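Reviewing the structure listed below.
Each chain gets a letter, A, B and so on, in the order its sequence line appears, and its residues count up from 1. Just so it is clear, the model here is predicted, and its values are computed rather than measured.
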Amino acid sequence: FSIIAHSKKLDEKQPCKRFVLYYHDILFNGSNAANATSATVANHTKLGNFNHGMLVVFDDPITKDNHLLSPPVARAQGFYFYDMKTAYNAWFSYTLIFNSTEHKGTINIMGADMMGEETRDLSVVGGTGDFFMTRGIATFRTDIAQDDYYFRLEMDIKLYECY
Amino acid sequence: FSIIAHSKKLDEKQPCKRFVLYYHDILFNGSNAANATSATVANHTKLGNFNHGMLVVFDDPITKDNHLLSPPVARAQGFYFYDMKTAYNAWFSYTLIFNSTEHKGTINIMGADMMGEETRDLSVVGGTGDFFMTRGIATFRTDIAQDDYYFRLEMDIKLYECY
Amino acid sequence: FSIIAHSKKLDEKQPCKRFVLYYHDILFNGSNAANATSATVANHTKLGNFNHGMLVVFDDPITKDNHLLSPPVARAQGFYFYDMKTAYNAWFSYTLIFNSTEHKGTINIMGADMMGEETRDLSVVGGTGDFFMTRGIATFRTDIAQDDYYFRLEMDIKLYECY
């Protein structure tokens with residue numbers, strides 16, 4: 001079976017699967033090891049005043065609602081770094097790992113987190129297990145940024161290729 | 001609607017969208033903060049003499065022609081690092097961010113930049129906005145590498161999945 | 001030609017291309033520069049006792065069998081880091097580079113390496129050259145982890161989109 005498929009039609013409003021998740025990042029500050037879920041691997045550079053270059057590796061809990069203490073339905077493992085000289089702005093690459101009776105598998109995501117925008121879209125570039133070969137869009141919205149050590153993102157995952 | 005599509009035909013010479021862009025990287029050297037667009041986050045390791053492990057985070061201007069001072073049509077945000085012991089060779093992962101009347105959206109790219117080759121192909125792994133769900137190839141060509149602190153890449157972006 | 005293809009059928013057991021490769025990582029320890037193929041770019045953080053945050057950049061040989069000294073059929077260039085507080089667990093993003101009479105081109109891969117699992121699936125997110133636009137799954141199995149400075153992974157590459 002063979003097609004030439006240069007231009008396909010997909011309705012952005014009609015994903016084949018969609019779910020909203022919350023991502024909780026508690027940055028290690030030297031004294032919160034019991035609660036911390038991420039830590040700084042490389043300190044910010046001296047370019048500007050917005051943490052440019054600060055690189056954080058995380059293994060963060062993912063919940064269905066926006067309560068930090070809700071039972072995690074997945075983990076998010078990966079990294080982000082800040083990349084702008086003149087504003088806070090980040091870049092993410094990570095894997096959502098599901099290992100429950102409901103879902104087993106992973107979703108791989110990468111893209112820019114333009115923190116100044118109300119929402120921003122990253123790419124779902126692949127998946128495994130229950131999410132075999134999926135693609136789509138992950139829309140970030142900052143739910144809260146409490147201080148330097150806790151922030152929470154709403155991740156609206158819309159999959160447009162489901163196998 | 002359901003298909004089994006193991007083998008598809010795509011003509012590498014017939015992308016559904018194509019544009020050539022120029023990427024300008026001005027590395028922070030401690031005294032050029034006003035102009036610098038990138039900075040070293042981790043210094044090179046002691047493995048070989050070709051900057052192995054040197055990791056750079058950038059927010060670089062993208063122009064339509066190869067003039068650094070032309071009005072940027074996009075930003076490139078992400079990182080690269082050098083990865084070889086015996087030659088200069090890099091690896092990139094980044095997002096092209098378009099925010100103009102002409103284009104709004106992002107294109108996510110990753111792959112090896114085998115600097116010894118005249119041209120090298122990286123993967124366009126996803127997109128958002130005007131580039132919703134796109135995939136393709138980004139072909140790099142070094143336009144100039146002026147000194148340790150400025151280089152310019154021609155990026156020939158060929159998209160083969162357009163929605 | 002235009003389709004709306006939300007849900008497609010792919011048989012996970014029937015890739016359009018499949019090959020098993022071995023990845024050899026010899027970490028630079030300060031005195032093995034002649035043999036080393038990777039080096040630590042950022043040291044582990046103080047979060048837990050499992051190398052959290054340790055970031056390694058590699059240019060590793062890829063062989064068809066599990067002998068380190070077999071002739072390489074490809075290189076793997078990219079990085080991995082450890083990301084857990086309570087166990088060894090890694091995250092990879094890299095490019096397989098083929099440059100032989102048999103294959104020319106690259107395959108781009110990213111995902112979580114849950115080292116505690118017997119096998120784990122990462123995403124093949126793109127390809128170039130002979131692997132133009134490919135997608136699929138890379139299944140990791142640890143073949144050996146000899147000491148702190150050598151480990152070998154079996155990578156079972158299954159491609160489901162071949163052009």
Side-chain angles (χ1 to χ4, degrees), chain A residues 2-11 14-17 27-30 32-43 55-60 75-79 93-97 99 105-110 123-129 131-135 159-163, chain C residues 1-12 15 41-55 79-87 89-93 108-114 116-117 119-126 135-139 158-163:
Chain A
S2 146
I3 53 168
I4 297 172
H6 270 187
S7 288
K8 296 189 246 174
K9 286 213 173 108
L10 278 182
D11 183 349
Q14 303 211 329
C16 46
K17 210 173 280 181
L27 188 62
F28 183 49
N29 64 11
N32 62 347
N35 294 322
T37 61
S38 70
T40 301
V41 167
N43 290 318
L55 171 64
V56 172
V57 164
F58 57 79
D59 168 27
D60 281 356
R75 308 293 300 183
Q77 297 185 341
F79 66 103
S93 193
Y94 66 102
T95 304
L96 288 176
I97 303 174
N99 186 15
T106 71
I107 294 177
N108 289 308
I109 296 170
M110 66 181 267
S123 290
V124 174
V125 297
T128 70
F131 306 100
F132 177 68
M133 292 284 287
T134 200
R135 297 183 72 229
L159 305 178
Y160 297 94
E161 297 194 7
C162 304
Y163 291 90
Chain C
F1 185 89
S2 147
I3 54 169
I4 296 172
H6 268 188
S7 289
K8 296 188 245 172
K9 287 213 172 109
L10 277 182
D11 183 349
E12 244 188 282
V41 167
N43 289 317
H44 64 78
T45 69
K46 290 177 179 165
L47 186 60
N49 298 307
F50 299 91
N51 284 344
H52 178 278
M54 176 180 159
L55 171 64
F79 67 103
Y80 62 82
F81 53 80
Y82 297 92
D83 58 19
M84 276 185 76
K85 182 164 72 169
T86 55
N89 199 74
W91 196 91
F92 277 74
S93 194
N108 290 307
I109 296 170
M110 67 180 268
D113 175 15
M114 295 158 278
E117 306 287 322
T119 61
R120 43 276 183 190
D121 289 342
L122 288 81
S123 290
V124 174
V125 297
R135 297 184 72 232
I137 303 288
T139 302
K158 287 156 284 188
L159 304 178
Y160 298 93
E161 297 194 4
C162 305
Y163 292 90

Between A:Ala39 and chain C, with a heavy-atom cut-off of 4.5 Å, which part of the residue counts as in contact: side chain, backbone, both or neither?
both
Working to the nearest 0.5 angstrom, can you tell me the gap between C:Phe50 CZ and A:Asp59 CG?
12.5 Å
Which answer fits A:Ile109, side chain, backbone, both or neither, if we ask what part of it has an atom under 4.5 Å from a heavy atom of chain C?
backbone
Rounding to 0.5 Å, atoms CD1 (A:Ile97) and CZ (C:Arg120) come to a distance of 11.5 Å
Under 4.5 Å from a heavy atom of chain C, the part of A:Phe58 involved
backbone
From C:Leu10 atom CG to A:Met133 atom CE, the distance as rounded to the nearest 0.5 Å:
5.5 Å
Considering all heavy atoms of both residues, which atom of A:Thr37 and which atom of C:Leu47 are nearest to each other, and what is their separation?
C-CD2, 4.4 Å
Gap separating the CG atom of C:Asp121 from the CZ atom of A:Phe132, nearest 0.5 angstrom
9.0 Å
Side chains of A:Leu55 and C:Leu55 in contact at under 4.5 Å (non-hydrogen atoms):
yes
Against chain C, label A:Ala76 side chain, backbone, both or neither, depending on which of its atoms sit under 4.5 Å from a heavy atom there.
neither
Given heavy-atom pairs under 4.5 angstrom as the criterion, report whether the side chain, backbone, both or neither of C:Met114 touches chain A.
side chain
Using non-hydrogen atoms only, which part of A:Ser123 is less than 4.5 Å away from chain C: side chain, backbone, both, or neither?
neither
What distance separates C:His52 NE2 from A:Ser38 OG, expressed to the nearest 0.5 Å?
6.5 Å
